[in-house]
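Shown next, in structure tokens, is the structure this report addresses.
Bear in mind that the values here come from a model prediction, so they are computed numbers and not experimental data.
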Amino acid sequence: MDCWKGAEGRSWVYPTLIICANGFFITMRPSESFLVPYLTGPDKNLTFEEVTNQVFPVWTYSYLALLVPVFLVTDYLRYKPVLLLQGVSCIATWLLLLFAPGVPAMQAVEFFYGMVTAAEVAYYAYIYSVVSAHHYQRVTSYCRGVTLVAATVAAVLGQLLVSLAHVSYFYLNAITLASVSLALLCSFFLPMPQKSMFFHRKEAPDALPGPQKAVAAPGSEGPPGFHGAVSPVPAEGGAASEQRADPRSPALGVLLRLGRDLRDCYSSRELLCWSLWWALATAGYNQVVNYIQVLWDFRAPSHSSAVYNGAVEAIATLLGSATAIAVGYVKLNWDLSGEMALGIFSALDAACLFLMRFSDNIWASYAGYLAFKACYMLLITIATFQIAVNLSMERYALMFGFNNFIALVIQTILTVVVVDSKGLKLDISTQFLVYSSYFACIAGIFLLRSVYTIVSIKRRNRGVAGQSTAL
């Protein structure tokens with residue numbers, strides 16, 4: 001029996017199956033699309049101002065406070081303990097949501113949900129520590145695909161139960177509690193990894209398939225598309241030697257190496273440009289997603305109108321997935337056209353938000369949200385590829401985490417100034433005017449930058465042509 005379990009744990013199939021089951025159940029939350037109607041309805045009886053200005057901001061603050069510690073602890077503890085913590089936090093979130101009354105209890109809900117969100121890194125990183133490198137592409141597609149399926153199933157199920165079976169929002173939350181409890185149960189069956197990405201690295205890991213990854217060397221300059229001097233990503237054996245150089249403080253050695261890796265990555269102008277858009281756009285996107293249900297309930301109050309939040313979220317998920325897949329079939333030189341694409345699609349995002357702000361029609365608001373989310377998913381897929389293409393998995397994970405941290409800092413500033421009861425405390429309609437203007441500023445920055453880049457390249461080409469003629 002023990003031998004069978006050991007063989008089971010060493011196989012890539014078993015851990016992939018369990019982590020995918022965990023991902024499905026923890027994402028299959030049919031109540032999420034109807035959170036605002038539940039909080040403002042007879043079950044909790046909160047006002048829009050309490051939900052918007054006192055409850056929802058707590059998630060942003062707790063997520064910011066927990067993101068970096070959880071990121072480091074996740075790697076240090078080798079993922080599984082943090083997956084268990086995520087499951088416990090999920091259960092605490094929905095127990096409070098079901099049975100605890102009042103604003104303080106709902107603020108506690110948002111705190112625990114911040115823990116759930118911060119711990120998501122464990123789900124996406126776990127599988128790489130228990131399977132060999134030649135399975136990475138397949139297990140990545142499984143882990144990401146199952147969460148998209150779960151989100152779609154949850155939204156459709158929630159909508160069907162509300163619209164056809166007239167199930168109350170309370171029972172939707174009970175179904176969610178059962179689902180996240182199953183996710184916690186799955187976590188117990190995960191094999192414990194023997195390595196992690198940063199603190200427990202192996203000296204001779206499996207080599208990644210394909211050519212050696214590289215990142216632009218510090219200080220390298222050139223037009224978009226220029227990949228001049230490159231410095232290979234240090235081998236993991238070198239990193240291990242680096243950690244052994246100071247046996248008294250191996251953790252400090254890891255942190256110093258992470259700092260050097262960040263410096264090297266952001267010294268590339270192209271990576272810095274894509275990361276800047278990532279941070280700015282993700283901050284705005286998170287704000288819109290967090291408060292869109294409040295806007296919908298403002299346009300069509302749930303106590304007197306039919307609610308189609310679940311259907312809209314299901315379509316948005318499918319549309320976002322379709323645009324992300326479509327990117328893989330677009331043949332463009334993103335190094336040259338990337339900044340223009342960032343500017344154009346950010347302008348479309350701004351237009352969608354202006355539509356949601358100035359139209360009183362709920363269907364226009366739904367349509368604007370669908371287009372907004374599709375544009376963002378399109379661009380974030382391009383940005384992800386452009387950042388990852390010349391980086392090792394470790395450096396990509398580091399940049400992913402740091403970009404999200406910067407996005408969260410920007411989002412926290414927006415929340416404090418625009419939303420919080422101690423800030424401007426703007427109403428939801430005015431908030432979306434701010435978010436529209438924010439994306440318009442992002443579009444302006446990258447459109448101007450793309451024009452400057454194109455003009456610079458043309459001048460440089462004319463100069464080269466003139467020198468050739470003179471010769």
Side-chain angles (χ1 to χ4, degrees), residues 22-46 48 50-52 55-56 58-59 62-63 86-103 105-117 119-120 146-186 286 289-297 300-303 305-318 366 369 373:
N22 170 272
F24 179 87
F25 288 119
I26 209 160
T27 309
M28 216 289 290
R29 304 187 289 240
S31 63
E32 280 203 332
S33 300
F34 304 93
L35 178 60
V36 170
Y38 175 69
L39 293 178
T40 58
D43 291 289
K44 296 301 174 185
N45 204 28
L46 302 182
F48 279 112
E50 289 173 332
V51 171
T52 306
V55 175
F56 281 0
V58 175
W59 172 82
S62 64
Y63 188 18
Q86 184 187 42
V88 171
S89 299
C90 251
I91 291 173
T93 297
W94 265 272
L95 282 174
L96 288 169
L97 201 54
L98 281 167
F99 302 113
V103 171
M106 296 305 101
Q107 290 174 328
V109 164
E110 294 297 316
F111 171 80
F112 281 111
Y113 194 67
M115 176 66 77
V116 172
T117 314
E120 283 179 356
V146 77
T147 57
L148 292 174
V149 170
T152 305
V153 169
V156 171
L157 177 63
Q159 188 65 62
L160 292 175
L161 290 174
V162 169
S163 298
L164 301 181
H166 305 290
V167 172
S168 72
Y169 300 133
F170 178 88
Y171 290 108
L172 283 186
N173 282 288
I175 294 171
T176 300
L177 176 61
S179 181
V180 298
S181 298
L182 287 174
L184 177 61
L185 183 63
C186 290
N286 286 341
V289 171
N290 284 353
Y291 294 93
I292 189 63
Q293 287 188 39
V294 181
L295 180 68
W296 289 341
D297 217 290
S302 55
H303 65 269
S305 307
V307 179
Y308 297 102
N309 297 4
V312 174
E313 287 292 355
I315 296 171
T317 301
L318 293 174
Y366 284 153
Y369 177 72
K373 195 165 184 178

How close do Ser62 and Gly114 get, heavy atom to heavy atom, and via which atoms? OG-CA, 3.5 Å

For residues Thr93 and Glu110, determine if any side-chain heavy atom of one lies less than 4.5 Å from a side-chain heavy atom of the other. no

Quick check for you: to the nearest 0.5 Å, what is the distance between Tyr369 atom OH and Leu295 atom CG? 11.5 Å

Any side-chain heavy-atom pair of Val55 and Val109 under 4.5 Å: no

Count the heavy atoms belonging to other residues, nucleotides or ligands that lie under 6.0 Å from OH of Tyr171, then report whether that count exceeds 12. no

Answer yes or no: is there a side-chain heavy-atom contact under 4.5 Å between Gln293 and Pro37? yes

Return yes when atom OH of Tyr38 has more than 12 non-hydrogen atoms of other residues, nucleotides or ligands closer than 6.0 Å, and no otherwise. yes

How far apart are the closest heavy atoms of Ala105 and Pro101, and which atoms are they? CB-O, 3.3 Å

Judged by atom type as modelled, is there a donor-acceptor pair below 3.5 Å linking the side chain of Lys373 to the main-chain atoms of Glu313? no

Could you tell me which non-hydrogen atom of Val116 sits nearest to which non-hydrogen atom of Gln86, and how far apart they are? O-NE2, 3.1 Å

Do the side chains of Thr176 and Leu172 get nearer than 4.5 Å, heavy atoms only? no

Report yes if the side chains of Ile175 and Leu161 come closer than 4.5 Å at any heavy-atom pair, otherwise no. yes

Looking at Ser302, is its backbone amide N or carbonyl O close enough to the side chain of Asp297 to form a donor-acceptor pair, meaning the two atoms are under 3.5 Å apart? yes

In this structure, CZ of Arg29 is separated from CZ of Phe34 (nearest 0.5 Å) by 14.5 Å

Evaluate the side-chain proximity of Cys186 to Phe24: yes if any heavy-atom separation is below 4.5 Å, no if none is. no

Pair Tyr308 and Trp296, ring centroids less than 6.0 Å apart: no

In Å, rounded to the nearest 0.5 Å, how long is the span from CD of Glu120 to OG1 of Thr27? 7.5 Å

In Å and rounded to the nearest 0.5 Å, what is the CG to CG distance from Leu98 to Leu177? 6.0 Å

Return the CG to CG distance between Asp43 and Asn173, rounded to the nearest 0.5 Å. 8.0 Å

Looking at every non-hydrogen atom in both residues, tell me the closest pair between Ala314 and Val156 and how far apart they are. CB-CG2, 3.6 Å

Nearest heavy-atom pair of Lys44 and Leu97: which atoms, and what distance? CE-O, 2.8 Å

Step by step, would you call Gln107 with Glu50 a side chain to side chain contact (heavy atoms under 4.5 Å, CB included)? CA-CA 10 Å; Gln107 290 174 328; Glu50 289 173 332; over 6 Å; no

So, does Thr317 use its side chain to make a donor-acceptor pair with the main chain of Ala151 at under 3.5 Å? no

Side chain to side chain contact (heavy atoms under 4.5 Å, CB included) assessment of Asn309 paired with Ile292: CA-CA 10 Å; Asn309 297 4; Ile292 189 63; over 6 Å; no

So which atom in Gln159 and which in Ala311 form the shortest heavy-atom distance, rounded to 0.1 Å? OE1-N, 3.0 Å

Nearest 0.5 Å please: distance from the CG atom of Leu95 over to the SG atom of Cys90. 11.0 Å

Run Leu39 and Phe56 through side chain to side chain contact (heavy atoms under 4.5 Å, CB included) and show every step you take. CA-CA 11 Å; Leu39 293 178; Phe56 281 0; 4.0 Å; yes

Do Tyr169 and Val307 make a side-chain contact, defined as non-hydrogen atoms from C-beta onward lying under 4.5 Å apart? yes

Does any non-hydrogen side-chain atom of Val36 lie less than 4.5 Å from one of Phe48? yes

